[in-house]
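Letters A, B, ... mirror the listed sequences (proteins, then strands); counts begin at 1.
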Amino acid sequence: MLDLKFIRQNPETIREMLKSRGEEGPLDELLDLDEQRRSILVEVEQLKARRNEVSEQVAKLKREKKDADDIITEMKGVSQTIKDYDEQLRVIDEQLLDRQLRLPNMPHSSVPVGTSDEDNVELRQEGQIPEFRFEVVPHWDLGVNLDIIDFERAGKVTGSRFYFLKGQGACLERALINFMLDLHTGAHGYTEIFAPFLVNKESALGTGQLPKFGEDMFKVEGQDYYLIPTAEVPVTNLYRDEILDGSLLPLNHVAYTACFRSEAGAHGRDTRGVIRVHQFNKVELVRFVEPDNSYQELDTLVRHAEVVLQKLGLAYRVSQMCTADLGFTAAKKLDLEVWMPSYGKYVEISSCSNFESFQARRANIRFRREQGAKPEFVHTLNGSGVAIGRCLAAVLENYQQADGTIIVPEVLRPYMSGVKRIE
RNA sequence: GGAGAGGUGACAGAGUGGCCGAAUGUGGCGGUCUCGAAAACCGUUGGAUGCCAUUAGGUGUCCCGUGGGUUCAAAUCCCACCCUCUCCGCCA
């Protein structure tokens with residue numbers, strides 16, 4: 001959410017921003033509602049001031065045991081008028097907030113303007129793309145052949161876009177989670193969080209999933225609970241409606257959670273394998289930082305995510321998203337894409353964003369630079385560190401052998417009872 | 001799920017209709033004292049938002065879990081909901 005005052009004072013900047021994102025935003029409605037709101041506010045506040053003044057007189061007269069019937073009668077009328085105005089305001093406020101919540105974030109000045117993902121900018125490639133002297137097998141076939149992934153039975157038990165992991169497959173998933181958690185809590189100094197997998201509407205509003213993207217989440221029927229699409233939601237909302245002590249910043253959290261996405265509108269894309277599914281695991285990094293250095297901190301965050309891939313010996317590249325591919329909430333977003341041999345291209349495995357004060361304003365997360373200082377909004381950052389399902393797929397594919405077995409990357413072996421090869 | 005208690009400022013804790021944005025204490029900040037510190041003493045210390053002036057500021061409104069209601073007037077009375085705690089039941 002953007003600052004209402006900023007929107008009011010810079011409508012043309014917002015208009016250009018929407019254009020560069022290729023989006024329509026309810027800007028004109030918003031400006032109009034804001035105008036209405038303030039004019040009514042002036043009226044009603046004058047009346048309230050009058051009422052407060054008279055109330056004091058009434059109190060005084062009663063204390064002196066004098067008659068106050070005349071002004072009481074007058075105030076009955078005034079109070080009714082106030083009530084009417086307040087009702088109008090309530091309606092306007094609600095609409096105004098709704099429009100405000102539907103306006104996307106301002107891209108940072110370093111973000112390239114573009115019209116599609118083709119305008120994203122590759123920043124660098126890292127690691128060696130493996131060469132195979134045999135026909136590369138996609139991870140879904142590798143997994144099924146080794147009897148460590150079962151898509152068919154998952155279709156029976158739940159539905160399409162779900163899968164079971166079995167034996168060494170399940171163990172590999174668990175190894176990846178623990179390896180990443182240990183890396184981030186250890187070398188990178190994050191504090192681990194284990195969060196609820198269900199959140200309420202306020203939290204979904206806070207991080208920006210609602211009101212615009214409700215259809216992408218699973219909702220619990222008859223209850224105000226949503227299955228989290230990412231740990232970003234519960235972990236960012238940890239400090240909703242709080243004023244943090246500035247000396248605690250930056251506040252760095254790492255969380256493993258399952259993630260649930262309805263993938264509405266993704267029919268026909270990545271239908272095979274574990275790349276696009278309704279439930280997957282992810283280790284997420286969430287940071288609360290001071291506004292002054294949030295872009296530096298974003299770079300740090302990206303580096304932390306990169307270390308995961310480096311240690312696993314996977315080739316990847318880092319790309320900067322253009323205005324069209326930023327997403328609703330980000331001011332700047334860098335994606336890590338891992339090399340996926342069966343695709344013959346890089347596949348997104350981590351997305352690292354600076355939201356600046358966009359989420360903090362929605363979720364009302366503030367900090368004080370020092371005791372007694374004015375509260376300011378923090379900047380929130382997050383990034384996958386990294387997506388477990390896709391990472392498992394990448395490990396299977398990149399470490400596959402001619403005989404269909406999988407070499408276990410060195411760093412994962414301690415997490416797999418020393419197993420060196422899945423066969 | 002049943003019964004009860006409770007939600008007030010950073011924290012503790014008063015306040016049962018008007019003089020309450022809210023006593024008091026603790027903490028924080030500034031000062032006096034001191035070579036310095038502690039103690040003591042004095043002062044100060046919430047958030048949101050509108051209007052005017054925009055350099056300083058001035059002025060108004062709202063906020064006592066949330067939302068409604070009663071009233072000229074609500075932290076205070078009424079209703080609903082949320083959350084916390086205690087006991088019972090159930091359960092991993």
(message) Taking A:K83 first and then A:E87, would you say they form a salt bridge - that is, a charged N and a carboxylate O separated by under 4.0 Å?
(response)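 No.
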(request) Determine, for A:E202 against A:R240, whether the closest basic-nitrogen to carboxylate-oxygen distance falls under 4.0 angstrom. (result) no
Who pairs with [N] - Watson-Crick or G-U, where each distance is under 3.5 Å:
{"N": "B:C91", "answer": "none"}
{"N": "B:C11", "answer": "B:G25"}
{"N": "B:A3", "answer": "B:U86"}
{"N": "B:A53", "answer": "none"}
{"N": "B:A40", "answer": "B:U32"}
{"N": "B:U61", "answer": "B:A48"}
{"N": "B:A80", "answer": "B:U66"}
{"N": "B:G17", "answer": "none"}

Send over the distance from [X] [atom1] to [N] [atom2], rounded to a whole Å.
{"X": "A:E202", "N": "B:G65", "atom1": "CD", "atom2": "C1'", "value": "13 Å"}
{"X": "A:R51", "N": "B:U71", "atom1": "CZ", "atom2": "P", "value": "13 Å"}
{"X": "A:Q80", "N": "B:C72", "atom1": "CD", "atom2": "P", "value": "11 Å"}
{"X": "A:E74", "N": "B:A73", "atom1": "CD", "atom2": "P", "value": "13 Å"}
{"X": "A:D34", "N": "B:C51", "atom1": "CG", "atom2": "P", "value": "8 Å"}
{"X": "A:K201", "N": "B:C82", "atom1": "NZ", "atom2": "C1'", "value": "13 Å"}
{"X": "A:K76", "N": "B:U71", "atom1": "NZ", "atom2": "P", "value": "8 Å"}
{"X": "A:Q46", "N": "B:U59", "atom1": "CD", "atom2": "P", "value": "16 Å"}

(request) Would you classify A:R368 as touching base, sugar-phosphate or nothing, given that sugar-phosphate means primed atoms plus P, OP1 and OP2, and contacts are heavy atoms under 4.0 Å? (result) sugar-phosphate
(message) What's A:K60 touching, base or sugar-phosphate or nothing? Going by heavy atoms closer than 4.0 Å.
(response)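 It contacts nothing in the nucleic acid.
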Report yes if a side-chain nitrogen or oxygen of [X] is closer than 4.0 Å to either non-bridging phosphate oxygen (OP1 or OP2) of [N]; otherwise report no.
{"X": "A:R8", "N": "B:U49", "answer": "no"}
{"X": "A:K48", "N": "B:U61", "answer": "no"}
{"X": "A:R38", "N": "B:C51", "answer": "yes"}
{"X": "A:K83", "N": "B:U70", "answer": "yes"}
{"X": "A:S79", "N": "B:A73", "answer": "yes"}
{"X": "A:R366", "N": "B:A48", "answer": "yes"}
{"X": "A:N52", "N": "B:C62", "answer": "yes"}

(request) Check A:R303, A:K332, A:R287 against A:E297 for a salt bridge (Lys or Arg N to Asp or Glu O under 4.0 Å) and give me the one that passes. (result) A:R287
Rounded to whole angstrom, note down the [atom1] distance from [N] over to [M].
{"N": "B:U34", "M": "B:U59", "atom1": "C1'", "value": "45 Å"}
{"N": "B:C91", "M": "B:G7", "atom1": "P", "value": "34 Å"}
{"N": "B:C72", "M": "B:U84", "atom1": "P", "value": "38 Å"}
{"N": "B:C87", "M": "B:U45", "atom1": "P", "value": "43 Å"}
{"N": "B:G6", "M": "B:U76", "atom1": "P", "value": "15 Å"}
{"N": "B:G43", "M": "B:C62", "atom1": "P", "value": "31 Å"}
{"N": "B:C33", "M": "B:A48", "atom1": "C1'", "value": "41 Å"}
{"N": "B:C64", "M": "B:U8", "atom1": "C1'", "value": "4 Å"}

(request) Using the closest heavy atom to pick a nucleotide of RNA chain B for each, name whichever of A:R90 or A:E53 lands nearer the 5' end. (result)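 Upstream on the strand: A:E53.
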(request) Using the closest heavy atom to pick a nucleotide of RNA chain B for each, name whichever of A:T73 or A:P375 lands nearer the 5' end. (result) A:P375
(request) Applying side-chain contact (heavy atoms from CB on, under 4.5 Å), run through A:R153 and A:D150 and close with a yes or a no. (result) CA-CA 6 Å; A:R153 289 196 176 98; A:D150 187 341; 2.9 Å; yes
(message) If we ignore hydrogens and angles and just use 3.5 Å, is the side chain of A:S262 paired with the main-chain N or O of A:F218 as donor and acceptor?
(response)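 Checked: no pair found.
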(message) Measuring from atom OG1 of A:T405 to atom NZ of A:K420, what distance do you get when rounded to the nearest 0.5 angstrom?
(response) 14.0 Å
(request) Please determine, for the side chain of A:V58, which listed nucleotide (B:U49, B:G18, B:A48) has the closest atom? (result) B:G18
(request) Answer yes if the side chains of A:Y226 and A:Q209 hold a donor-acceptor pair under 3.5 Å, and no otherwise. (result) no
(request) Tell me yes or no: between the side chains of A:S203 and A:N200, is some donor less than 3.5 Å from an acceptor? (result) yes
